[in-house]
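The figures here come from the full heavy-atom set of this structure, side chains too, leaving out hydrogens, waters and symmetry mates. On a predicted model such as this, the values are computed, not experimentally measured, just so you know. Numbered from 1 within each chain, the chains take letters A, B, ... in sequence-line order.
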Amino acid sequence: MRFSILFAPTLKESPAEAEIISHKLLLRAGMIRKVAAGIYSFLPLGYRTLKKIENIIREEMDRIGAQEMLMPALQPADPWKKSGRWDQYGLEMMRLKDRNGREFALGPTHEELITDLAMKEVRSYRQLPLTLYQIQVKFRDEIRPRFGLMRAREFIMKDAYSFNANMGDLTASYNDMYMAYNRIFSRCGLEFRAVEAASGLIGGKVSQEFMVLAEAGEDTILYCGTCDYAASQDVATSRMEEPSTEEIKKVKVVDTPRQKSVDEVSAFLGVPADKIIKTLIYKYDNQLIAVIMRGDRDVNEEKLATVLGTTNFHLLTGAEWQDYPGLVQGYVGPVGLDGIRLIADNEVSLIRNFVVGANLEDAHMINVNVGEDFQVEEWADLKMVRSGDACPRCQGTLISAKGIEVGHIFQLGTKYSEVMGATFIDEDGLPKPYIMGCYGIGVSRLVAAAIEQNYDEGGIIWPVSIAPYEVEVVVLNYDRDEQREIADRVYTELGKMGIEAVLDDRIESAGKKFADADLIGIPVQVVIGTRTLKSGNIEVKIRSSNERKEFPLDRAVDMIVELVKRMRADVGVGGNSVEQAG
RNA sequence: CGGGGUGUGGCUCAGCUUGGUUAGAGCACCGGUUUUGGGAACCGGGGGUCGGAGGUUCAAAUCCUCUCACCCCGACCA
C-alpha cells in the first residue's frame, strides 16, 4: 500500500472527546472515527488490525475443533421470551419493531439463538460434543458508553458455545477454550491474566475472565505474588487472620458527640479502625438488612447480591432514614437492633472487645463481643478484598491490579437448555438438556486494550502480529530519482517475500513522515534518505525499542525479512502451529 | 437515570462575565516560491446558518426558555 493513496487521516492534536490513551491514539492515527456515542467506523488501518485479531482467533478456535458460523445481529423476540431474558435484560437490549409490529432486538449476545438452533437440529448424544462460534456485531445500549472502543455500544465479539452430553465433556470443552484463549492473547502480544469471575446475567457457576493488565482498565483484579491464585475483585476472597485471644471485657456505653464516621470515632476514642465494627443498613424488597463489617473494610456489593439473591438493593439514602425513626444515622449498631435481618462478615468473628454504634445519638459502645452482647445468625464473606490481604490458597500476599476484560468463559450447565426445553436423546434413550458452555472475546475491545499496553509519547507500538502493516518504508525525498527507485524496489521485494509493507511515498517533510510513522506504530520503519544512502546503507528503526541499524543496500531486503520473521516468532506467529488437536 | 460540564471553519481553542464594526488565532486545506533526516519558511487564497428552535432587544455567538448532541463521575459488561 502506498501512503499517498492510503485513507489514514492522522491528527496532530487529540480530539477533546477522547480521554484515555487508546481512544486518543486510535483517533489520531486515523484508525477509527466516531459515528455516534459508542458507535465507530473502522478506517482501513484500524480494520486491518481488527481482521488480524479475528484471524488469530479463527486459527485458535479452529484448532480446538470449534466451527465458525454466523447468526443474525437482528433477532426475533421469541427465543428471548422463552429464556425469560426478554424481561430480564432491561434497557440495555436495543429493541425495535418491524413494519408489522413484530418485536425484535439487536442481539446483545446469542445464547438464545444458538440454543434454539441446537434444539432443532441436534437430537442425539452421538452429535455431541459440538462447539460453534461466530465473529459478529453485538449491540448493547450501554448506560454509559465511554473510552472509545473500550466500552462501545456496537462492538465486535467472538462468541462460542459448546454443547455437551455430560459434565465431564463440558469440562473438557471449557479447558480447550481456556488453552485457546491463552494462545490467542499471547499471540496478540499481550500481558494478561485469567481470573476467577462472577457470572452475572449470563449465568452458570464456573467462570473465568481474561484480563489485559493496564492502568486504564475498568476492573480490579487480585492475584497472589506467590501462587497462581487470581480473581476478579468481585469474587476475590482472602485467608482469615488468626482470631483475637484478648480477654472478653464488659461492654460499656461511651459518649461520642458528633463522631459518626469510622475515622472520626477511631480518632476520638483512640481505637484503630479495624477494632470498630460498622453497621450498614441496606434496603431491598422493601425491607431492611444490616450488614456488619470491620471498620476499615468496604462491602463487596457483588457478594452481597449473591447472598441476597437479587441485585435490587441499595444503601439507605439520606431521605429514607426519615422513614425509620428507630435508626440513629451515624450511631447504628448491632446491639439491640431488633426486627432487622442481620448479616455479619466472617471477619467480625475474629475480633473481640470492639466498638459499635449504640443506637443512641452521640454514643458508641466499647468492649462489644459477638455471643456476649448480641447474636449473629448469618455469617458470610462480604468484604471487598484488597491489596495486602492474605492469599486464600497459600501463605502469600495478594496484589491488586487494573485490568481490561477481553475474554470471559462460562460453564453454563443447563441454564438455557432447561428453560428453553432444548434436549437431546442420551445413551439411555432419555431426553436430557444440553450441558452448555459459552465463551466470549471482545474483539474490538482488544484493539484498544493492545494500545493501552503498547504506546509511548510518539504513538502506538503495535505487536507485529496485530499491526496493520509489518514494515513502513519511509522515503524522505520521493521526488528524487535515486531514492524513489530504491524505495520502490525495496517495497516491491518485501511484498514478494510475504512481508506486509506500506510505502510512505508522500511529498511531505521528513518530520511529518517520521511523526506519522511513529503515531501509526508499524513495528519496523525502513528509512531511505541521503544521510545513510551516501554510505550505501538504508536505516532500519525498531519502533518498540527505538533501536536503529544500518543495512547495506544490496542485502537490505533479506535482512529486513529476517528481522520481521524473528519478530513474528517472538509473538508465536510462526505459521507452523496449525496442526489439528483431537 | 441522577450529578457535573461542553457545543464557535476539518482539528485544538479564544471571544460570552459587562449585548454594539465585516466573528478571531494556531494547526489542517488550496496556489506559488524556497526548502528537504524529526510535525519547514515566506507570499497569496478558500472555508462559519457561532448545535437547533423560539423569545427579549434598535441590535444576540454573548441574555432568557425549550430542545438536541457530545464528554466526565456513579449503577452494567466482551
Side-chain angles (χ1 to χ4, degrees), chain A residues 9-20 23 27-28 30 33-39 57 89-93 108-110 135-160 181 197-202 207 209-212 218-219 232 234 301-302 305 311-315 317 404-410 438-449 457-459 474-480 483 507-519 525 527-534 538-539 541 546 548:
Chain A
T10 58
L11 301 170
K12 204 163 172 176
E13 291 176 281
S14 298
E17 70 199 38
E19 185 82 358
I20 61 166
H23 192 190
L27 289 168
R28 285 190 53 209
R33 282 295 184 265
K34 186 174 72 180
V35 174
I39 300 181
I57 293 171
Y89 226 105
L91 296 172
E92 198 172 303
M93 185 151 72
T109 174
H110 284 74
I135 295 173
Q136 217 334 6
V137 163
K138 297 278 189 279
F139 198 98
R140 294 181 189 172
D141 199 0
E142 290 279 345
I143 298 164
R144 185 149 91 86
R146 58 181 144 175
F147 299 152
L149 296 185
M150 200 82 119
R151 177 176 299 278
R153 291 194 292 172
E154 182 175 300
F155 59 99
I156 310 285
M157 178 168 159
K158 185 285 301 183
D159 47 322
Y181 272 43
S199 19
L201 197 56
I202 305 285
S207 98
E209 289 170 337
F210 286 80
M211 297 284 194
V212 166
E218 297 183 272
D219 298 287
S232 145
D234 294 342
E301 297 194 346
E302 201 72 38
T311 55
N312 191 11
F313 60 84
H314 59 268
L315 268 176
T317 62
I404 302 164
E405 184 187 354
V406 293
H408 201 160
I409 57 179
F410 301 81
C438 79
Y439 317 92
I441 291 179
V443 184
S444 45
R445 177 181 281 181
L446 214 33
V447 176
E457 325 74 59
V474 181
V475 203
L476 299 185
N477 307 98
Y478 196 71
D479 47 359
R480 292 189 190 169
Q483 291 189 27
I507 307 300
E508 291 281 1
S509 72
K512 178 168 172 73
K513 291 186 174 192
F514 286 133
D516 273 348
D518 286 349
L519 176 61
Q525 294 174 13
V527 182
I528 296 175
T530 45
R531 189 190 284 173
T532 56
L533 232 38
K534 277 189 305 206
I538 61 180
E539 182 178 317
K541 177 178 133 178
N546 209 21
R548 291 151 202 267

| said: Quick check: closest heavy atoms across A:Glu301 and A:Phe313, and the distance to 0.1 Å? | reply: O-CZ, 3.4 Å
| Closest to the A:Asp479 side chain, choosing from B:rU36, B:rG39, B:rC72 | B:rU36
| field | Contact under 4.0 Å: A:Arg151 side-chain N or O vs B:rA78 OP1/OP2 | value | no
| said: Show the nearest heavy-atom pair for residues A:Ala449 and A:Val406, with the distance to one decimal. | reply: CB-CG1, 3.9 Å
| request: For atom CG of A:Leu91, decide whether the heavy atoms of other residues, nucleotides or ligands shown that lie under 6.0 angstrom number more than 12. | output: no
| query | Checking all strands, does A:Gly442 fall into the base, sugar-phosphate, or nothing category for heavy-atom contacts under 4.0 angstrom? | reply | base
| request: Give the rounded distance in Å between these two atoms: CG of A:Leu533 and P of B:rU36. | output: 16 Å
| task | Could you check which of B:rC71, B:rG39, B:rA78 has an atom nearest any side-chain atom of A:Arg28? | result | B:rG39
| Has the side chain of A:Arg480 got a donor or acceptor that lies under 3.5 Å from a partner of the other kind on the base of B:rG37? | no
| message | Please classify the nucleic acid contact of A:Lys541 as base, sugar-phosphate, or nothing, using heavy-atom distances under 4.0 Å. | response | base
| field | Polar pair under 3.5 Å, donor/acceptor by atom type, side chain A:Arg445, base B:rC77 | value | yes
| said: Taking any heavy-atom pair under 4.0 Å as a contact, classify A:Ala305: base, sugar-phosphate, or nothing. | reply: nothing
| said: Work out how far the C1' atom of B:rC29 is from that of B:rU18, and round it to whole angstrom. | reply: 38 Å
| query | Of the candidate nucleotides B:rC71, B:rC77, B:rC1, which contains the atom at the shortest distance from the side chain of A:Ala37? | reply | B:rC71
| request: Describe the nucleic acid contact of A:Asp516 in one word from base, sugar-phosphate, nothing, applying a heavy-atom distance below 4.0 Å. | output: base
| query | When the distance from CG of A:Leu315 to P of B:rG74 is rounded to whole Å, what number comes out? | reply | 16 Å
| request: Find the distance A:Phe313:CZ to B:rC76:C1' and express it as a whole number of Å. | output: 13 Å
| said: Does A:Glu539 contact B:rG37 through a side-chain donor or acceptor facing the base, at a distance under 3.5 Å? | reply: yes
| Less than 3.5 Å between a donor and an acceptor, one on the side chain of A:Glu13 and one on the base of B:rG10, is that the case here? | no
| message | Would you measure the distance from the C1' atom in B:rG4 across to the matching atom in B:rU8 and give it in whole Å? | response | 22 Å
| Any salt bridge between A:Glu142 and A:Arg153, counting N to O under 4.0 Å? | no
| said: Taking pairing as Watson-Crick or G-U wobble with both contacts under 3.5 Å, can you name the mate of B:rA53, or confirm there isn't one? | reply: B:rU65
| Carboxylate-amine/guanidinium contact A:Lys12 A:Asp516, below 4.0 Å | no
| query | Separation of A:Lys12 atom NZ from B:rC27 atom P, in whole Å? | reply | 8 Å
| query | Looking only at atom P, what distance separates B:rG46 and B:rG38, rounded to whole Å? | reply | 34 Å
| query | Relative to the 5' end of RNA chain B, which residue comes earlier, A:Phe210 or A:Gly529, by the nucleotide with the nearest heavy atom? | reply | A:Gly529
| task | Find the distance A:Asn546:CG to B:rG38:C1' and express it as a whole number of Å. | result | 11 Å
| field | Donor-acceptor pair present, A:Thr532 side chain and B:rG37 base, under 3.5 Å | value | yes
| remark: Any strand, both distances under 3.5 Å, Watson-Crick or G-U wobble: B:rG2 pairs with B:rC73
| field | A:Gln483 to A:Leu533 - nearest heavy-atom pair and separation | value | CG-CD2, 3.8 Å
| query | What is the nucleic acid contact for A:Glu92, judged by heavy atoms within less than 4.0 Å: base, sugar-phosphate only, or nothing? | reply | sugar-phosphate
| said: If I take atom CZ in residue A:Phe514 and atom C1' in nucleotide B:rU36, what distance separates them, rounded to the nearest angstrom? | reply: 11 Å
| request: Check every strand shown and say whether A:Ala16 touches a base, only sugar-phosphate, or nothing at a heavy-atom separation below 4.0 Å. | output: sugar-phosphate
| P atom, B:rG26 versus B:rC70: distance in rounded Å? | 32 Å
| query | A:Asp219 has a side chain; which of B:rG38, B:rC77, B:rA78 sits nearest to it? | reply | B:rC77
| query | So what does A:Phe147 touch, heavy atoms closer than 4.0 Å: a base, only the sugar-phosphate, or nothing? | reply | sugar-phosphate
| request: Using atom CZ of A:Arg144 as one end and atom P of B:rC76 as the other, report the distance to the nearest whole Å. | output: 13 Å
| task | Look through every strand shown and name the nucleotide pairing with B:rU36 as Watson-Crick or G-U wobble, where both distances are under 3.5 Å. | result | none
| Rounded distance in Å between the P positions of B:rU22 and B:rC68 | 35 Å
| message | Determine whether A:Arg28 and A:Leu519 satisfy the following criterion, side chain to side chain contact (heavy atoms under 4.5 Å, CB included), listing intermediate values before the conclusion. | response | CA-CA 8 Å; A:Arg28 285 190 53 209; A:Leu519 176 61; 3.9 Å; yes
| request: Could you tell me which nucleotide pairs with B:rU17 by Watson-Crick or G-U wobble geometry, both distances under 3.5 Å, or answer none if nothing does? | output: none
| query | Between B:rG3 and B:rA75, how far is it from one C1' atom to the other, in whole Å? | reply | 13 Å
| query | P atom, B:rG37 versus B:rG74: distance in rounded Å? | reply | 49 Å
| How close or far is atom C1' of B:rC77 from atom CD of A:Glu302, stated in whole angstroms? | 11 Å
| query | Which is true for A:Ala515 with a 4.0 Å heavy-atom rule: it touches a base, it touches only sugar-phosphate, or it touches nothing? | reply | base
| query | Between A:Arg146 and A:Glu218, is there a side-chain N and carboxylate O pair less than 4.0 Å apart? | reply | yes
| message | Work out how far the C1' atom of B:rG9 is from that of B:rG48, and round it to whole angstrom. | response | 5 Å
| said: At 4.0 Å (heavy atoms only), tell me whether A:Lys513 reaches a base, stays on the sugar-phosphate, or touches nothing. | reply: nothing
| request: Identify, between A:Lys34 and A:Glu218, the residue whose nearest nucleotide on RNA chain B lies closer to the 5' end. | output: A:Lys34
| message | Looking at B:rC73, I'd like to know if its phosphate oxygens (OP1 or OP2) sit under 4.0 Å from a side-chain N or O belonging to A:Arg146. | response | yes
| A:Arg548 (side chain) and B:rG38 (base): donor-acceptor pair under 3.5 Å | yes
| Paired with B:rG44: which nucleotide, if any, by Watson-Crick or G-U wobble criteria at under 3.5 Å for both distances? | B:rC30
| A:Leu519 has a side chain; which of B:rG39, B:rG37, B:rA78 sits nearest to it? | B:rG39
| said: Could you check whether any side-chain heavy atom of A:Ile538 comes within less than 4.5 Å of a side-chain heavy atom of A:Val527, counting everything from C-beta outward? | reply: no
| query | Should B:rA25 form a Watson-Crick or G-U wobble pair with both distances under 3.5 Å, which nucleotide is its partner? | reply | B:rU12
